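The next block holds one structure in the form of C-alpha coordinates; read it before the comments.
What you are looking at is a predicted structure, and each value in this text was computed from that prediction instead of being measured.
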Amino acid sequence: MPEQRSAKRRGSGAKGLSARDVAQRVREDLPDVLGRPIESILGVQRSEDDGWEVTVAVVELSRIPNSTDVLGAYRVTLDSDGELQGYQRQRRYNRSQADED
(Lines give C-alpha, C1' and ligand atoms only; values in the text may rest on other atoms or scores of the structure.)
Protein backbone atom coordinates (compact mmCIF):
# COMPACT_ATOMS: atom_id res chain seq x y z
CA MET A 1 0.00 0.00 0.00
CA PRO A 2 2.73 2.57 -0.78
CA GLU A 3 0.27 4.92 -2.44
CA GLN A 4 -1.74 5.17 0.80
CA ARG A 5 1.30 6.34 2.76
CA SER A 6 1.76 9.53 0.80
CA ALA A 7 -1.72 9.90 -0.64
CA LYS A 8 -3.42 13.19 0.18
CA ARG A 9 -6.87 14.01 -0.97
CA ARG A 10 -6.91 17.52 -2.33
CA GLY A 11 -9.76 19.79 -1.45
CA SER A 12 -11.03 17.48 1.28
CA GLY A 13 -10.71 18.17 4.96
CA ALA A 14 -9.61 21.47 6.37
CA LYS A 15 -6.06 20.29 6.89
CA GLY A 16 -5.63 17.94 3.92
CA LEU A 17 -4.49 15.11 6.19
CA SER A 18 -2.63 12.17 4.73
CA ALA A 19 -3.16 8.55 5.75
CA ARG A 20 0.15 8.75 7.62
CA ASP A 21 -1.06 11.81 9.58
CA VAL A 22 -4.29 10.04 10.50
CA ALA A 23 -2.48 6.87 11.62
CA GLN A 24 -0.19 8.95 13.83
CA ARG A 25 -3.14 10.73 15.43
CA VAL A 26 -4.81 7.42 16.20
CA ARG A 27 -1.55 6.11 17.73
CA GLU A 28 -1.42 9.21 19.96
CA ASP A 29 -5.10 9.56 20.94
CA LEU A 30 -6.64 6.07 21.10
CA PRO A 31 -4.45 4.59 23.86
CA ASP A 32 -5.69 7.31 26.24
CA VAL A 33 -9.30 6.41 25.45
CA LEU A 34 -8.87 2.62 25.54
CA GLY A 35 -6.35 2.48 28.35
CA ARG A 36 -4.26 0.09 26.25
CA PRO A 37 -1.44 0.63 23.74
CA ILE A 38 -1.95 0.01 20.04
CA GLU A 39 -0.13 -3.08 18.80
CA SER A 40 -0.32 -2.13 15.11
CA ILE A 41 -2.23 -0.23 12.45
CA LEU A 42 -4.01 -2.74 10.21
CA GLY A 43 -5.55 -0.33 7.71
CA VAL A 44 -6.37 3.30 6.90
CA GLN A 45 -8.95 4.50 4.40
CA ARG A 46 -11.23 7.40 3.62
CA SER A 47 -14.83 7.08 4.72
CA GLU A 48 -17.82 8.08 2.61
CA ASP A 49 -18.33 11.29 4.60
CA ASP A 50 -14.75 12.44 3.79
CA GLY A 51 -13.51 11.41 7.23
CA TRP A 52 -11.27 8.46 7.97
CA GLU A 53 -11.60 4.85 9.13
CA VAL A 54 -8.59 3.24 10.77
CA THR A 55 -8.37 -0.39 11.85
CA VAL A 56 -6.00 -1.13 14.73
CA ALA A 57 -4.90 -4.18 16.72
CA VAL A 58 -4.80 -3.84 20.50
CA VAL A 59 -3.50 -6.35 23.04
CA GLU A 60 -6.48 -6.90 25.33
CA LEU A 61 -4.97 -9.68 27.43
CA SER A 62 -1.25 -10.38 27.76
CA ARG A 63 -0.27 -13.97 28.37
CA ILE A 64 2.85 -16.09 28.59
CA PRO A 65 3.87 -17.13 26.00
CA ASN A 66 2.86 -14.02 24.07
CA SER A 67 1.67 -16.17 21.16
CA THR A 68 -1.43 -16.78 23.29
CA ASP A 69 -2.16 -13.05 23.83
CA VAL A 70 -5.73 -11.99 23.11
CA LEU A 71 -5.95 -9.12 20.61
CA GLY A 72 -8.84 -6.97 19.53
CA ALA A 73 -9.30 -5.44 16.09
CA TYR A 74 -10.95 -2.02 16.41
CA ARG A 75 -12.45 0.22 13.75
CA VAL A 76 -11.78 3.86 14.63
CA THR A 77 -13.61 6.71 12.91
CA LEU A 78 -12.25 10.22 12.56
CA ASP A 79 -13.67 13.35 10.97
CA SER A 80 -12.01 15.15 8.05
CA ASP A 81 -9.84 17.13 10.49
CA GLY A 82 -8.54 13.93 12.11
CA GLU A 83 -10.53 14.27 15.32
CA LEU A 84 -11.57 10.99 16.96
CA GLN A 85 -15.31 10.41 16.53
CA GLY A 86 -15.66 6.88 17.86
CA TYR A 87 -14.41 3.32 17.90
CA GLN A 88 -15.84 -0.18 17.93
CA ARG A 89 -14.25 -3.58 18.45
CA GLN A 90 -14.79 -5.67 15.32
CA ARG A 91 -13.39 -8.95 16.55
CA ARG A 92 -11.29 -10.60 19.23
CA TYR A 93 -8.72 -13.30 18.53
CA ASN A 94 -5.58 -15.04 19.79
CA ARG A 95 -2.31 -13.70 18.43
CA SER A 96 -1.48 -17.12 16.96
CA GLN A 97 -4.83 -17.40 15.18
CA ALA A 98 -4.47 -17.19 11.41
CA ASP A 99 -7.05 -15.27 9.38
CA GLU A 100 -9.37 -17.32 7.19
CA ASP A 101 -9.15 -14.92 4.22
Side-chain angles (χ1 to χ4, degrees):
M1 292 188 278
E3 65 275 355
Q4 284 188 343
R5 285 189 193 154
S6 62
K8 288 189 181 181
R9 200 161 170 175
R10 294 169 199 216
S12 61
K15 298 181 184 178
L17 296 172
S18 70
R20 180 180 294 206
D21 295 334
V22 171
Q24 184 60 36
R25 285 196 183 194
V26 169
R27 281 193 176 278
E28 292 170 0
D29 295 344
L30 192 63
D32 291 337
V33 175
L34 287 179
R36 297 182 181 109
I38 292 175
E39 175 82 3
S40 62
I41 302 285
L42 302 175
V44 178
Q45 67 182 33
R46 282 279 186 181
S47 61
E48 290 182 13
D49 64 356
D50 213 22
W52 293 91
E53 290 183 3
V54 180
T55 305
V56 299
V58 175
V59 176
E60 294 193 340
L61 181 60
S62 294
R63 294 182 173 164
I64 299 174
N66 68 355
S67 60
T68 61
D69 287 350
V70 177
L71 289 95
Y74 287 79
R75 185 184 71 207
V76 183
T77 55
L78 298 97
D79 65 16
S80 60
D81 292 325
E83 295 297 320
L84 183 67
Q85 298 298 300
Y87 66 91
Q88 181 177 18
R89 185 171 65 201
Q90 299 297 296
R91 68 185 200 111
R92 201 169 189 208
Y93 57 98
N94 291 323
R95 184 184 297 275
S96 61
Q97 181 180 342
D99 282 339
E100 297 179 14
D101 294 355

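- Put simply, CG on L34 and CZ on R89 are 10.5 Å apart, with the number rounded to the nearest 0.5 Å.
- With hydrogens and angles disregarded, a donor-acceptor distance shorter than 3.5 Å links the side chain of D69 to the backbone of R63.
- Judged by distance alone, with hydrogens and angles left aside, the side-chain atoms of N94 form no donor-acceptor pair with the main-chain N or O of S96 at under 3.5 Å.
- Under the 4.5 Å side-chain heavy-atom criterion for Ile, Leu, Val, Met, Phe, Trp and Tyr, V44 and V33 are members of the same hydrophobic cluster.
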- Task: Please assess S40 against I38 for the test side chain to side chain contact (heavy atoms under 4.5 Å, CB included), listing each intermediate value before the final yes or no.
- Result: CA-CA 6 Å; S40 62; I38 292 175; 5.6 Å; no
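- Contact check for R91 versus Q97: side-chain heavy atoms found under the 4.5 Å cut-off.
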- Stepwise, does the side chain to side chain contact (heavy atoms under 4.5 Å, CB included) test hold for V26 with W52? CA-CA 11 Å; V26 169; W52 293 91; over 6 Å; no
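- Checking each of L30, V54, L84, L17 against R25 for a side chain to side chain contact (heavy atoms under 4.5 Å, CB included) leaves exactly one that passes, namely L17.
- Listed by first then second residue, pairs satisfying salt bridge (Lys or Arg N to Asp or Glu O under 4.0 Å) with a partner in residues 28-44 read E39-R95, not counting sequence neighbours.
- A salt bridge links R46 with D50; the closest basic N to acidic carboxylate O contact falls under 4.0 Å.
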Mind listing the side-chain donor-acceptor pairs of residues 70-79 below 3.5 Å, one per line with the distance, residues two or more places apart or on another chain?
unit_1: Y74; atom_1: OH; unit_2: E60; atom_2: OE2; d: 2.4
unit_1: T77; atom_1: OG1; unit_2: G86; atom_2: N; d: 3.4
unit_1: T77; atom_1: OG1; unit_2: G86; atom_2: O; d: 3.3
unit_1: D79; atom_1: OD1; unit_2: D81; atom_2: N; d: 2.9
unit_1: D79; atom_1: OD1; unit_2: G82; atom_2: N; d: 3.0
unit_1: D79; atom_1: OD1; unit_2: E83; atom_2: N; d: 2.9
unit_1: D79; atom_1: OD2; unit_2: Q85; atom_2: NE2; d: 3.4

